[in-house]
*Asks:* 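Okay, handing you the structure first.
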Amino acid sequence: MLFDTSGPHQDIRAEVAKLCRNFQGEYWRKLDRERAYPQEFVEALTKGGYLSILIPEDYGGAGLALSAAAAILEEIHLQGCNGGACHAQMYMMGTLLRHGSEEQKRKYLPAVATGELRLQAFGVSEPMSGTDTASIKTSAKREGDHYIVNGQKIWTSRAEHSDLMLLLARTSPSEGTQKRSEGLSVFLLDMRAAKTGGLTIRPIRTMMNHSTTEVFFDNVRIPAENLIGEEGKGFRAILSGMNAERILIAAECIGDAKWLIDKSVKYANERQVFGRPIGQNQGIQFPIAKCYASMRAAELMVHKAAALFEAGANCGPEANIAKMLAADTAWEAANVCLQTYGGSGFAEAYDVERKFRETRLYQVAPVPTNQVLSYLAEHVLGLPRSY
């Protein structure tokens with residue numbers, strides 16, 4: 001690899017890299033062909049304690065900072081693997097840790113830390129709402145000591161492989177409120193019970209293997225004790241974890257960019273055309289070098305955003321910028337890598353086409369590039385609100 005472990009958390013990076021060597025190209029290619037979940041990989045990460053890195057020690061986790069989780073996910077992608085099968089467990093911790101009751105944390109977090117329970121599903125997006133989260137229609141109505149949930153979620157990744165779902169639903173109408181986001185509440189849904197009580201999960205086949213589904217709720221019962229935080233204030237509880245999500249996804253993108261740049265450099269040095277390596281041509285050199293420069297700049301922003309997050313400072317602008325720049329550089333590195341390989345890049349065996357498809361996702365999720373730009377325009381630059 002061109003990239004050493006000179007960044008923070010070197011010991012963790014080294015151990016993650018060692019684990020990932022047991023899950024190289026053919027493992028991911030087989031899963032991709034079968035659209036299968038990387039069960040063995042997730043179990044290995046869980047056993048190693050990497051998915052509980054942000055859970056406090058009092059609840060069975062390592063209790064480390066966000067930068068440690070970022071290092072884990074970056075290293076996973078730097079080694080050619082994919083953290084999308086399990087990264088949600090890291091960034092969803094914030095909502096439960098900040099807004100959950102002590103009883104909820106004691107009940108669920110130790111089991112999540114050991115892997116007895118998986119908290120991987122995040123039920124927010126709906127077919128008609130898109131990024132307009134305040135307009136979601138899924139309802140949760142209080143009846144005695146339960147809430148009754150009806151509605152639909154979409155793009156709910158890993159729902160088939162999770163025991164618990166962090167669910168956002170409307171508990172009161174938005175009409176008559178000062179803010180449209182009022183009246184939303186967040187719940188911890190036990191999907192094991194719900195699957196026999198009105199919950200239906202349907203896989204969505206997509207261009208990358210991301211275990212994506214749509215989820216339907218037909219009078220699904222959730223105990224009132226599983227309400228996280230205050231009823232009607234769930235939007236704020238969800239938002240509290242979104243900066244962490246952006247930073248961690250950005251770290252994954254940096255790892256992808258490094259892997260793709262490394263692949264490009266190696267192939268450009270080895271591939272001989274007209275009696276010399278293709279990497280001797282500036283038409284090959286310059287795009288790779290530009291990707292490297294862009295990646296290093298984005299990497300600095302990821303580190304800054306993580307540092308602000310850990311200090312408890314406002315990191316909204318930095319988290320959004322980090323995610324956008326890292327996603328941009330990963331996608332461009334994938335495009336350049338495919339171009340460097342030429343026809344060979346389209347062959348499954350090189351893993352380039354797989355990473356090409358995987359990196360394209362982050363232009364759209366978890367926050368689209370245009371929404372990041374709108375956020376910066378309004379909240380940082382002071383331009384008029386566009387939506």
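This one's a predicted model, so the numbers in the text were calculated from it and none came from an experiment. Values below: every heavy atom of this structure, side chains too, minus hydrogens, waters and symmetry copies.
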*Asks:* Going through the distances and angles, do R180 and D132 end up as a salt bridge (Lys or Arg N to Asp or Glu O under 4.0 Å)?
*Replies:* CA-CA 10 Å; R180 294 172 59 242; D132 183 10; 3.1 Å; yes
*Asks:* Just by distance, do the side chain of R170 and the backbone of E182 share a donor-acceptor pair under 3.5 Å?
*Replies:*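 Checked: pair present.
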*Asks:* Ignoring hydrogens and geometry, is there a side-chain-to-backbone donor-acceptor pair from Q363 to A327 under 3.5 Å?
*Replies:*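 Judged by distance alone, yes, a pair lies under 3.5 Å.
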*Asks:* With clusters defined by side-chain heavy atoms of hydrophobic residues (ILVMFWY) lying less than 4.5 Å apart, directly or transitively, does L199 cluster with L188?
*Replies:* no
*Asks:* I need the single residue from K258, K355, E358 that forms a side chain to side chain contact (heavy atoms under 4.5 Å, CB included) with H77. Which is it?
*Replies:* K355
*Asks:* Hey, any chance L248 and M301 share a hydrophobic cluster, counting ILVMFWY side chains that come within less than 4.5 Å of each other, even indirectly?
*Replies:* no
*Asks:* Take atom CZ in R236; do more than 12 heavy atoms of anything else shown fall under 6.0 Å from it?
*Replies:*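 Check fails, neighbour count at 12 or below.
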*Asks:* Can you tell if the side chain of L78 reaches within under 4.5 Å of the side chain of R13, non-hydrogen atoms only?
*Replies:*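 Contact flag for L78/R13 side chains = no.
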*Asks:* Would a hydrophobic clustering, with Ile, Leu, Val, Met, Phe, Trp and Tyr connected at side-chain separations under 4.5 Å, put V367 with I249?
*Replies:* no
*Asks:* Answer yes or no: is there a side-chain heavy-atom contact under 4.5 Å between I247 and Y91?
*Replies:* no
*Asks:* Under a plain distance cut-off of 3.5 Å, with no hydrogens placed, do Y108 and N226 share a side-chain donor-acceptor pair?
*Replies:*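 Yes, side-chain donor-acceptor contact under 3.5 Å.
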*Asks:* Can you check whether G49's main-chain N or O pairs, donor with acceptor, with S52's side chain at less than 3.5 Å?
*Replies:* yes
*Asks:* Is there a side-chain contact between K105 and D58 in this structure, where contact means two heavy atoms from C-beta onward sitting under 4.5 Å apart?
*Replies:*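 Side chain of K105 against side chain of D58, heavy atoms only: no contact under 4.5 Å found.
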*Asks:* Take atom CE in M207; do more than 12 heavy atoms of anything else shown fall under 6.0 Å from it?
*Replies:* yes
*Asks:* Quick check: is L73 connected to F41 through a chain of hydrophobic side chains (ILVMFWY, heavy atoms under 4.5 Å apart)?
*Replies:* yes
*Asks:* Does any part of the side chain of R118, heavy atoms only, come nearer than 4.5 Å to the side chain of V42, both counted from C-beta?
*Replies:*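 V42 reaches R118 side chain to side chain.
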*Asks:* How far does CG of L361 sit from CE of M208, to the nearest 0.5 angstrom?
*Replies:* 4.5 Å
*Asks:* Starting from the C-alpha separation in whole Å, work towards a yes-or-no answer on salt bridge (Lys or Arg N to Asp or Glu O under 4.0 Å) for K30 and E34.
*Replies:* CA-CA 6 Å; K30 186 175 186 295; E34 299 173 356; 3.0 Å; yes
*Asks:* If the threshold is 4.0 Å, N to carboxylate O, is there a salt bridge linking K323 and E245?
*Replies:* no
*Asks:* Going from CD1 on I288 to SG on C337, what distance comes out if it is rounded to the nearest 0.5 angstrom?
*Replies:*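 So the CD1 of I288 and the SG of C337 are separated by 8.0 Å.
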*Asks:* Would you name the heavy atoms of A134 and L184 that are closest together and state the gap between them?
*Replies:*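 Taking A134 first and L184 second, the nearest heavy atoms are CA-CD1, 4.2 Å.
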*Asks:* Can you tell me how far apart CZ (R21) and SG (C81) are? Round to the nearest 0.5 Å.
*Replies:* 10.5 Å
*Asks:* Taking C-beta and beyond as the side chain, do L166 and I238 meet within less than 4.5 Å on heavy atoms?
*Replies:*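 They are in side-chain contact.
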*Asks:* Listed by chain and number, what are the ring-ring contact (aromatic ring centres under 6.0 Å, His included) partners of Y27, not counting sequence neighbours?
*Replies:* F23
*Asks:* Verify the neighbour count for atom CD of E40: are there more than 12 heavy atoms of other residues, nucleotides or ligands below 6.0 Å?
*Replies:*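 Atom CD in E40 is packed in, count exceeds 12.
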*Asks:* Between E75 and Y50, is the side-chain hydrogen bond (donor to acceptor under 3.5 Å, both in side chains) condition met? List the steps.
*Replies:* CA-CA 12 Å; E75 193 65 36; Y50 300 114; over 6 Å; no
*Asks:* I need the single residue from T200, V220, T156 that forms a side chain to side chain contact (heavy atoms under 4.5 Å, CB included) with V215. Which is it?
*Replies:* T156
*Asks:* Is it the case that atom CH2 in W155 sees more than 12 heavy atoms from other parts of the structure closer than 6.0 Å?
*Replies:* no
*Asks:* Taking atom CD of E74 and atom CD1 of I12, what is their separation to the nearest 0.5 Å?
*Replies:* 12.5 Å
*Asks:* Run E332 and K290 through salt bridge (Lys or Arg N to Asp or Glu O under 4.0 Å) and show every step you take.
*Replies:* CA-CA 9 Å; E332 184 56 24; K290 188 174 181 180; over 6 Å; no
*Asks:* Give, for atom CD of E231 and atom CZ of F187, the distance between the pair rounded to the nearest 0.5 Å.
*Replies:* 6.5 Å
*Asks:* So, the side chain of N269 versus the backbone of K266: is there a donor-acceptor pair under 3.5 Å, distance only?
*Replies:*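 Checked: no pair found.
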*Asks:* Search all heavy atoms of I284 against all heavy atoms of G279 and return the closest pair with its distance.
*Replies:*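 Reported closest heavy-atom pair: CG2-CA, 4.1 Å.
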*Asks:* Is a side-chain N or O of N82 found less than 3.5 angstrom from the main chain of G84, in a donor-acceptor match?
*Replies:* yes
*Asks:* Please find the pair of heavy atoms, one from Y37 and one from A85, that lie closest to each other, and give the distance.
*Replies:* OH-O, 3.0 Å
*Asks:* Hey, mind stepping through S344 and Y267 against side chain to side chain contact (heavy atoms under 4.5 Å, CB included) and telling me if it holds?
*Replies:* CA-CA 10 Å; S344 295; Y267 190 78; 3.7 Å; yes
*Asks:* Kindly say whether Q120 contributes a backbone atom to a donor-acceptor pair with the side chain of R158 at under 3.5 angstrom?
*Replies:*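 Yes.
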*Asks:* Are any non-hydrogen side-chain atoms of N320 and R246 less than 4.5 angstrom apart?
*Replies:*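 Yes - at least one pair of side-chain heavy atoms lies under 4.5 Å apart.
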*Asks:* Let me check something: do V186 and L227 share a hydrophobic cluster, defined by ILVMFWY side-chain heavy atoms less than 4.5 Å apart, either directly or through other members?
*Replies:*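 Per the 4.5 Å side-chain linkage, V186 and L227 are not co-clustered.
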*Asks:* For A121 and A159, which heavy atoms make the closest approach, and how far apart are they?
*Replies:*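 What the structure gives for the nearest pair is CB-CA, 4.1 Å.
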*Asks:* Do R357 and N209 get their side chains close enough for a donor-acceptor pair, meaning under 3.5 Å?
*Replies:*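 Short answer, no.
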*Asks:* Given side chain to side chain contact (heavy atoms under 4.5 Å, CB included), test Y292 with V336 step by step and report yes or no.
*Replies:* CA-CA 11 Å; Y292 177 81; V336 167; over 6 Å; no
*Asks:* Determine whether L167 and K153 make a side-chain contact, defined as any pair of heavy atoms from C-beta on separated by less than 4.5 Å.
*Replies:*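 Side chain of L167 against side chain of K153, heavy atoms only: contact under 4.5 Å found.
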*Asks:* Rounded to the nearest 0.5 Å, how far does NE2 of H87 lie from CZ of F122?
*Replies:*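 The CZ atom of F122 sits 10.5 Å away from the NE2 atom of H87.
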*Asks:* May I ask you to test the W259-D351 pair for a side-chain heavy-atom distance under 4.5 Å?
*Replies:* yes
*Asks:* Verify side chain to side chain contact (heavy atoms under 4.5 Å, CB included) between V112 and L96, making sure each step is shown before the conclusion.
*Replies:* CA-CA 12 Å; V112 171; L96 183 55; over 6 Å; no
*Asks:* Under the criterion side-chain hydrogen bond (donor to acceptor under 3.5 Å, both in side chains), I'd like the reasoning laid out for T138 against E126: C-alpha separation, chi angles, the key distance, then a yes or no.
*Replies:* CA-CA 8 Å; T138 296; E126 296 184 5; 2.7 Å; yes
*Asks:* Determine, step by step, whether R33 and E26 satisfy the salt bridge (Lys or Arg N to Asp or Glu O under 4.0 Å) criterion, reporting the C-alpha distance in whole Å, the side-chain angles of both residues, the deciding distance to 0.1 Å, and the verdict.
*Replies:* CA-CA 10 Å; R33 288 191 295 268; E26 180 51 33; 2.9 Å; yes
*Asks:* Take E318 and F309 through the test side chain to side chain contact (heavy atoms under 4.5 Å, CB included) and record every step on the way to the result.
*Replies:* CA-CA 9 Å; E318 288 78 9; F309 183 94; over 6 Å; no
*Asks:* Once you measure the plane-to-plane angle for W331 and F356, does it fall in the parallel (<30°), tilted (30-60°) or perpendicular (>60°) bin?
*Replies:*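 W331 vs F356 ring planes: tilted.
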*Asks:* Minimum heavy-atom separation for L308 to N314, with atom names?
*Replies:* CD1-O, 4.2 Å
*Asks:* Just wondering, are more than 12 heavy atoms of other shown residues or ligands nearer than 6.0 Å to CZ in F274?
*Replies:*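 Counting other residues, nucleotides and ligands, CZ of F274 stays at 12 neighbours or fewer.
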*Asks:* For a quick test of reading the model, state the closest non-hydrogen atom pair linking H9 to S67 and the distance between them.
*Replies:*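 Looks like NE2-OG, 2.8 Å.
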